[in-house]
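Note sheet for the following structure.
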Amino acid sequence: MKNPNYLNELNESQREAVECTEGPVMIIAGAGSGKTRVLTYRIAHLLNKGVDAFNILSLTFTNKAARAMRNRIEAIIGSSEARNLWMGTFHSVFAKILRFEAEKIGYPNNFTIYDTDDSKSLIKSILKENNLDEKVYKPGMVLSRISAAKSSLISPQVYMNDSEAISHDRSSGKPLLGEIYLKYNTRCFNSGAMDFDDLLFNTNVLLRDFPDVLYKYQNKFKYILVDEYQDTNFSQYVIVRKLASLFENICVVGDDAQSIYAFRGANIQNILNFEKDYPDLHTFKLEQNYRSSKVIVNAANSIISNNKEQLDKTVWTHNEEGEKIKVMRALTDNEEGALVANSIFTTKMNQQRRDKEFAILYRTNAQSRAMEEALRKLNIPYRIYGGLSFYKRKEIKDLLAYFRLAINPNDEEALKRIINYPMRGIGQTTVEKIILAANEQGKRIWEILENPLLVNNVVGGGTAAKIDSFVTMIRSFNLELKTKSAYELAERIAMTSGILRDLSEDKTPEGVNRTENIQELMNGIREFSESEAPDENGEAITRLRTLDEFTQDIALLTDADEKDKENLDTVSLMTIHSAKGLEFPFVYVVGLEENLFPSQLSLNSRSDLEEERRLFYVALTRAEKQAFLTYSTSRYRWGNLTSCEPSRFLEEIDSQYLEFEGFDRKAPKPSNDHQYNDMDWENFRRPSNGNGNGYSQYKAKPAAPKPAYTPPVVPKNLVNVNKASSASFTADDAEAIMKLQSGMQVEHEKFGIGKVLNVEGMLPNKKATVFFEGVGQKQLLLKFAKLKIINP
DNA sequence: GTGTAATGCTATTGG
DNA sequence: AGCATTACAC
């Protein structure tokens with residue numbers, strides 16, 4: 001035992017929650033109350049009491065959280081026993097179990113896991129084959145209906161007989177959703193593929209239809225812990241209830257105030273009804289916040305009190321008072337970025353902070369662009385979490401599709417992706433014919449492809465020969481799965497398939513970047529190949545690590561799982577959803593505008609709006625020392641400048657915790673140079689708390705002042721003259737364009753380094769003549785050319 | 001079957 | 001504005 005006094009590191013309610021190990025336990029944990037700490041210590045305590053690690057199942061929200069917990073547990077108990085714990089997300093833990101048991105429910109053990117893109121692509125194929133209009137049956141929407149059904153354990157058969165579903169789909173003009181759902185499921189099954197929801201649905205099928213399997217896992221998992229229980233859906237709930245029903249050593253941890261995934265089927269009722277499921281339940285409340293200042297805790301409480309549905313709980317803190325929350329207003333989204341970047345810069349300098357102590361949180365991924373540009377201009381390093389994750393990039397998915405097909409040749413989506421990439425003359429029509437033939441004859445796609453007779457029935461001789469050589473190639477990969485290491489085979493596939501050749505022919509910066517991404521993937525595979533594998537007893541052993549292991553490992557990774565990047569000293573940019581569970585000394589929540597946050601789509605129902613409010617609560621409670629809230633009075637949305645009103649959430653915060661920087665809340669909206677419909681600023685909502693003077697402490701200024709915003713100091717050697725993106729000028733851009741003079745050395749994205757020979761014209765249409773080495777003389781419209789001044 | 005130009009759609013949130 | 005799909009020419 002490395003740390004025998006570990007219980008002393010907990011406060012009273014934390015310790016009680018840790019020590020109550022037997023029977024059902026619910027822990028209601030306020031934001032920043034040490035929830036992870038309790039879970040970690042609880043597991044350590046179980047191990048310390050002699051419980052075998054193999055008998056503990058701990059379900060976390062991300063795999064990264066599981067890894068972090070495992071490490072902390074090892075540090076507490078001082079042994080490597082923690083590696084034997086079953087820990088991970090619902091999806092990864094039950095995918096692992098399904099790999100053992102798949103054949104019982106008719107799946108191959110090496111089943112593919114379809115991601116959202118695969119699912120959508122399959123739905124598109126089905127729509128096309130059945131002559132259904134993609135505009136009526138939008139693939140994304142169809143998928144979310146299917147997903148909702150699966151999360152509620154509604155099979156296609158049940159769906160098609162469900163009167164509520166039938167009338168819902170009829171009245172929305174999509175009566176065939178049930179049929180599509182059935183076809184979709186059949187196709188997944190025939191491809192040996194499960195989508196994300198199938199992993200949980202099929203686990204339920206397995207536990208329902210095979211009592212011996214259920215019994216086996218009930219006995220195995222004598223202690224079950226579930227983190228973020230407020231975000232579990234019905235399907236997950238049933239799995240947990242079934243597994244726990246033998247011993248009832250079930251501990252769930254959650255916070256109803258932080259439930260932000262109802263949109264994907266999460267059900268707060270799971271936490272609210274837990275008491276009914278387990279009458280002899282022990283409930284613990286963690287209400288002391290250790291993370292944030294008093295200002296932040298109290299401000300967050302004042303927001304969440306606007307929600308009607310919530311458990312009784314008061315979060316408080318002993319921490320210092322802290323700075324007030326700063327509210328900042330910008331005129332455009334770009335200026336909002338500049339405001340934030342500038343504020344980070346000054347705070348960093350004044351308080352001697354590191355970049356990694358700052359986070360910028362937003363409601364939608366699209367908002368990151370303005371922030372990025374502003375940070376780049378100030379040379380502030382940043383890292384975006386989410387967005388296009390590494391494994392979603394085209395070139396990565398292409399190579400992975402080869403791996404997938406080598407592992408499971410019936411994987412229809414992988415096949416469609418690469419049968420003609422790099423191009424080998426097997427076009428769309430051919431693929432459609434083959435798939436059609438497979439479905440008509442009730443055969444798997446690979447059965448058709450493998451059989452020259454069947455292929456010849458469908459396509460001409462020339463195409464058949466091309467198919468034959470493709471089949472031979474994939475089959476040769478397949479034969480090497482068990483004999484070659486992941487790295488050896490991956491390298492061979494990258495070469496033989498022609499992907500590397502195809503990419504290396506592309507000399508554009510994007511093309512080079514794609515090759516580098518492939519290289520990075522290969523490095524990851526090499527690392528994997530050289531790592532030790534756990535055997536079934538959890539012992540690390542050295543044996544061949546194969547490509548199918550690798551491919552299955554990464555299928556459920558998310559970018560939150562990207563490892564070892566958190567040590568980088570960079571500002572973090574992410575959506576509020578992905579910020580869940582994280583904390584930062586300084587947090588900027590940006591885009592606090594009506595229709596953006598709260599989102600327009602949430603305004604129709606009370607429960608959706610309350611979820612948005614909980615999301616805001618989550619955002620604010622990420623901050624330790626100080627929070628900053630920003631909004632813009634106008635913003636580009638799908639290419640047009642639109643006018644925005646400040647978010648209602650700004651008014652819901654008790655104003656004693658707010659400080660308005662550079663503007664007066666009561667002052668009329670400042671005029672600016674942009675042309676757009678001026679919204680009714682005078683009717684900017686008055687405080688609705690009835691006393692009518694909610695803002696009186698802010699003195700009204702007579703005139704409409706420009707916000708006190710000083711443009712950031714831009715390093716002279718890296719002036720971004722303009723972005724091609726906008727036809728409108730920000731002050732910065734215009735200024736930079738004006739600075740451009742002949743004789744300067746500049747860099748162009750495509751043409752490289754060049755020298756300015758001449759500048760002419762008036763501002764919006766100012767032109768420069770630039771000589772680029774190896775390219776020649778070019779006339780560039782500064783509004784569009786991305787010119788960087790390298791040497792003034 | 002392949003390459004390019006034109007059109008049209010989109011931007012909640014994520015495993 | 002940017003991306004994906006579609007239309008049409010080769």
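Note that these values count all heavy atoms, side chains included, but never hydrogens, waters or copies made by symmetry. Since the structure is predicted, the reported quantities are computational estimates derived from the model, not experimental observations. To find a chain, count down the sequence lines: A is the first, B the second, and so on, and within it residues start at 1.
- Stems are defined here as 3 or more consecutive Watson-Crick or G-U wobble pairs with pairing distances under 3.5 Å; those involving DNA chain C are B:1-10 with C:1-10.
- Side-chain proximity of A:Trp638 to B:dG15, B:dG3, B:dA11: nearest is B:dA11.
- Position along DNA chain B of the nearest nucleotide to A:Ile426 versus A:Ile260 favours A:Ile426 as the more 5'-ward residue.
- Side-chain atoms of A:His577 lie closest to B:dG14 of the nucleotides B:dG14, B:dG3, B:dG15.
- Residue A:Lys135 places no side-chain N or O under 4.0 Å from the OP1 or OP2 atom of B:dG8.
- The local environment of CZ in A:Arg99 is crowded, with over 12 non-hydrogen atoms from other residues, nucleotides or ligands closer than 6.0 Å.
- When distances are taken from the side chain of A:Asn365 to each of B:dG15, B:dT13, B:dT10, the shortest belongs to B:dT13.
- Partners of A:Val253 according to the side chain to side chain contact (heavy atoms under 4.5 Å, CB included) rule, which considers only residues two or more places apart in sequence or in another chain, are A:Ile27, A:Ala29, A:Lys35, A:Leu39, A:Asp227, A:Cys251.
- Side chain of A:Thr430, nearest nucleotide from B:dG14, B:dG15, B:dG1: B:dG1.
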Kindly list each side-chain donor-acceptor pair under 3.5 angstrom involving residues 139-147 of chain A, sequence neighbours excluded, with atom names and distances?
residue: A:Ser144; atom: OG; partner: A:Met141; partner atom: O; Å: 3.0
residue: A:Arg145; atom: NE; partner: A:Tyr159; partner atom: OH; Å: 3.4
residue: A:Arg145; atom: NH2; partner: A:Tyr159; partner atom: OH; Å: 2.9
residue: A:Arg145; atom: NH2; partner: A:His168; partner atom: ND1; Å: 3.2
residue: A:Arg145; atom: NH2; partner: A:Asp169; partner atom: OD1; Å: 3.1
residue: A:Ser147; atom: OG; partner: A:Asp197; partner atom: OD1; Å: 3.4
residue: A:Ser147; atom: OG; partner: A:Asp197; partner atom: OD2; Å: 3.0

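- Residues A:Ser599 and A:Arg424 both approach DNA chain B. Their nearest nucleotides, taken by heavy-atom distance, put A:Arg424 toward the 5′ side.
- Between B:dA11, B:dT13, B:dG15, one nucleotide has an atom nearer to the side chain of A:Ala366 than all others, and that is B:dA11.
- For A:Phe61 and A:Tyr261, the distance between ring centers is under 6.0 angstrom.
- Within 4.0 Å (heavy atoms only), A:Thr116 reaches at least one base atom of the nucleic acid.
- If you take atom P in B:dA11 and the same atom in C:dT6, they sit 16 Å apart, rounded to whole Å.
- Looking at the side chain of A:Lys138, the nearest of the listed nucleotides B:dG14, B:dG15, B:dT10 is B:dT10.
- A cation-pi arrangement is found for A:Arg383 relative to A:Tyr385, the charged atom lying closer than 6.0 Å to the ring centre and inside a 45° cone about the ring normal.
- Note on ring orientation: taking the six-membered ring where Trp is involved, the planes of A:Phe94 and A:Phe90 are tilted (angle from 30° to 60°).
- Residue A:Phe263 and nucleotide B:dT13 are classified as a stacked aromatic pair, their ring centres being separated by less than 5.5 Å at an interplanar angle below 30°.
- Counting atom types as modelled, A:Asn420 pairs no side-chain N or O with a base atom of B:dG1 as donor and acceptor under 3.5 Å.
- If you check every strand for non-hydrogen atoms under 4.0 Å, A:Phe90 touches nothing.
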